Amino acid sequence: MKLTKDAKNAVMIGGLCSASYLAVYFARNILSAVTPQIVESGDATVEYIGVVSSLYFIFYAVGQLINGIIGDRIKAKYMIAFGLLLAGATNFAFPYVFAYQNAAKFLYAMTGFFLSMIYAPMTKVVAENTNPIHAVRCSLGYEVAALLGSPLAGVVASILVWESVFITSSIALFTMSVLCLVFFIFFEKRGIVQYGKYEIRKEAEREGNSLISGIKVLIKHRIITFSLISIITGVVRTAVVFWLPTYFSQYLGYDAKVAPTIFTVATLIIAMSAFVAVFVYEKLKRNMDLTILLMFSLSTVFFFGTYLVKNPVINVGFIVLAVLTSNCSAAMLWSRYCPSLRDTGMVSSATGFLDFLSYMAAAASSSIFANSVSTIGWNNLILIWMGLMMFGVLIMIPYKKIFKTNKSKEEI
């Protein structure tokens, strides 16, 4: 089937963004993939890795908030290219200063901040330069790329020593930085990418204070509900996935060298969540709310199965399905909800804010999980994860429709 001009442009923009995001998620999943190696070698403890990862998530979260706002005012090509370049530099230096804990913490935290320069501006440029259907497909593309970053990190970690894994990812970041700058310049000259097409909605500026009025516009677009969804799914897609190799090793008893391989296979399956989400979304007649409600419900059931079943193989299957279905809810948030904010002119700011909440939750939970393992144990931790999914179900229950239906029955 011959593609239309709009579709071809969307493929080019989406392809570049997806490749860039694969490099980003390759880099950000490395520490998780190599943690069993580092701990087994005695170079660091689980608690120390927990602190490092939490600092990364905090800086990444704050960076999302700051860079999201900046991304509505500065061209995406500069934000993305320089973010990749600077992240590559700090990521490259990290293993060389690992023995110096304060320096290592700072460098890894700054890697998180620089990587936060990518996502919100990327979502904005996609939303503003493709039609809504293509925007969802492009967002789906780089969400899949993000999910593939975990197995890629696992594969490299199973082949190379952990220091070399960081260097390899830095080379990928440097390469994508150059390619992004070159291709965005080309897109601009061809008119494929244009800026300033959607300014902050005029109704948000009438009251004089653009910040307050902008918040009011986003509240009308259900930003509060999706903020809660961002927090819940952020814990699972980031913190829970981060600790999976350690979970496989410590709780299920797999060898430290085998755990990264299982992690690779698990995350490859989890990477299919975006496809599953869109498939279900289409089957449910593009009902985003119902899709999210269904996925949170399934994730609750699968986490309960993880809690009940002790057989390692079946347990891995349950926890993979639990994370996959939770990530389906996240896919709806990032692939469907965020691009839908195009007409507000605040796609980058809103996306950055939601990602900020997601990673702040991940930062707090990652450190809590690391310390909770020795106190309450993995089994009780699984119940906490299940509780988060149950909270997601409660958020998405259509109370207004239920009460409206009951009221209508009473009137009859």
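All residue numbers in this chain count up from 1 along the given sequence. As the structure is a computational prediction, the values presented were derived from the model and not from experiment.
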Quiz prompt | Ring centers of Phe98, Phe94 separated by less than 6.0 Å | solution = yes

Practice problem: For atom CZ of Phe183, decide whether the heavy atoms of other residues, nucleotides or ligands shown that lie under 6.0 angstrom number more than 12. | Solution: no

Quiz item: So, Ser299 side chain and Phe296 main chain: donor-acceptor pair closer than 3.5 Å or not?
Solution: no

Quiz item: Going by distance alone, is a donor N or O of one side chain under 3.5 Å from an acceptor N or O of the other, for Thr90 and Thr111?
Solution: yes

Practice problem: List the atom of Cys17, the atom of Val126, and the distance in Å for their closest heavy-atom pair. | Solution: SG-CG2, 4.1 Å

Quiz prompt | Ring centre gap for Phe113 and Tyr60 strictly below 6.0 Å | solution = no

Quiz item: Atom OG1 in Thr306, atom CG in Asn379: separation rounded to 0.5 Å?
Solution: 10.0 Å

Quiz item: Going by an N to O cut-off under 4.0 Å, is there a salt bridge joining Arg336 and Asp289?
Solution: no

Quiz prompt | Straight-line distance of Ile232 CD1 to Leu333 CG, nearest 0.5 Å | solution = 11.0 Å

Quiz item: Does any non-hydrogen side-chain atom of Thr325 lie less than 4.5 Å from one of Ser273?
Solution: no

Quiz prompt | Option passing side-chain contact (heavy atoms from CB on, under 4.5 Å) with Tyr247 (candidates Val316, Val241, Asn315, Leu381) | solution = Asn315

Quiz item: Under 4.5 Å between any side-chain heavy atoms of Ser326 and Met389, yes or no?
Solution: yes

Quiz item: Given the rule in the side-chain contact (heavy atoms from CB on, under 4.5 Å) test, do Met396 and Ile229 qualify, once you have shown the distances and angles that lead to the verdict?
Solution: CA-CA 9 Å; Met396 295 310 297; Ile229 293 171; 3.5 Å; yes

Practice problem: Answer whether the closest heavy-atom distance between the side chains of Trp385 and Ile319 falls below 4.5 Å. | Solution: yes

Quiz prompt | More than 12 heavy atoms from other groups under 6.0 Å of CE on Met390 | solution = no

Practice problem: Give the intermediate values and the outcome of side-chain contact (heavy atoms from CB on, under 4.5 Å) for residues Ser227 and Phe353. | Solution: CA-CA 8 Å; Ser227 293; Phe353 171 71; 3.5 Å; yes

Practice problem: First locate atom CG of Asn129, then atom CD1 of Ile192, and finally report the distance between them rounded to the nearest 0.5 Å. | Solution: 9.5 Å

Quiz item: Can any side-chain N or O of Asn327 pair as donor or acceptor with the backbone N or O of Ala330 at less than 3.5 Å?
Solution: no

Practice problem: Say whether, by atom type as modelled, one donor and one acceptor occur between the side chain of Thr175 and the main chain of Ile171 under 3.5 angstrom. | Solution: yes

Quiz item: Rounded to the nearest 0.5 Å, what separation is found between the CG atom of Leu86 and the CZ atom of Phe114?
Solution: 4.5 Å

Quiz item: Any chance OH of Tyr307 has more than 12 other-residue heavy atoms, nucleotides or ligands included, within less than 6.0 Å?
Solution: no

Exercise. State, with a plain yes or no, whether a side-chain heavy atom of Leu383 is found less than 4.5 Å away from one of Phe303.
Key: no

Quiz item: What is the minimum heavy-atom distance between Cys328 and Ala277, and which atoms define it?
Solution: O-CB, 3.6 Å

Practice problem: Indicate the atoms forming the closest heavy-atom contact of Val276 with Met295, along with that distance. | Solution: CG1-CE, 4.3 Å

Self-check item: Side chains of Ser358 and Ile231 in contact at under 4.5 Å (non-hydrogen atoms)
Solution: no

Self-check item: Trp162 vs Leu31 side-chain heavy atoms within contact, under 4.5 Å
Solution: no

Practice problem: Measure the shortest side-chain to side-chain distance between Val323 and Arg237 over non-hydrogen atoms and say whether it is less than 4.5 angstrom. | Solution: no

Quiz item: Would you say Phe174 has more than 12 foreign heavy atoms packed within less than 6.0 Å of its CZ?
Solution: yes

Self-check item: Check: Phe106 and Leu55 side chains under 4.5 Å, non-hydrogen atoms
Solution: no

Quiz item: For Trp334 and Tyr119, what are the C-alpha separation, side-chain angles and deciding distance, and is it a side-chain contact (heavy atoms from CB on, under 4.5 Å)?
Solution: CA-CA 10 Å; Trp334 305 114; Tyr119 184 68; 3.0 Å; yes

Self-check item: Heavy-atom donor-acceptor pair, Thr267 side chain to Phe263 backbone, under 3.5 Å
Solution: yes

Quiz item: Taking the six-membered ring for Trp, are Phe279 and Phe275 ring centroids under 6.0 Å apart?
Solution: no

Quiz item: Is the backbone of Leu357 close enough, under 3.5 Å, to the side chain of Ser230 for a donor and an acceptor to pair up by distance?
Solution: no

Quiz item: Under the criterion side-chain contact (heavy atoms from CB on, under 4.5 Å), which of Leu298, Ile292, Leu293 is the partner of Val393?
Solution: Leu293

Practice problem: For side-chain contact (heavy atoms from CB on, under 4.5 Å), just list the numbers for Leu107 and Tyr56, CA-CA rounded to whole Å, side-chain angles, deciding distance to a tenth of an Å, and then say yes or no. | Solution: CA-CA 9 Å; Leu107 274 180; Tyr56 168 90; over 6 Å; no

Self-check item: Any donor-acceptor pair under 3.5 Å from Gln37 side chain to Ala157 backbone
Solution: yes

Self-check item: Nearest heavy-atom neighbours spanning Gly83 and Met117
Solution: CA-SD, 3.7 Å

Quiz prompt | Test item: side-chain donor near acceptor, Ser169 and Asn91, under 3.5 Å | solution = yes

Quiz prompt | Closest contact, heavy atoms only, Leu324 versus Ile270 | solution = CD1-CA, 4.1 Å

Quiz prompt | Shortest non-hydrogen separation from Leu22 to Gly149 and the atoms involved | solution = CD1-N, 3.9 Å

Quiz prompt | Cation over ring face, Lys285 and Tyr281, 6.0 Å, 45° | solution = no

Self-check item: Reported OG-to-CD1 distance for the pair Ser349 and Ile66, which is rounded to 0.5 angstrom
Solution: 12.5 Å

Self-check item: Expected output: side-chain Thr351 to main-chain Ala120 donor-acceptor under 3.5 Å
Solution: no

Quiz item: Has Arg222 got its NZ or CZ under 6.0 Å from the middle of the six-membered ring of Phe226, at an angle within 45 degrees of the ring axis?
Solution: no

Self-check item: Approximate separation, where rounding is to 0.5 Å, of Lys77 NZ and Leu16 CG
Solution: 13.0 Å

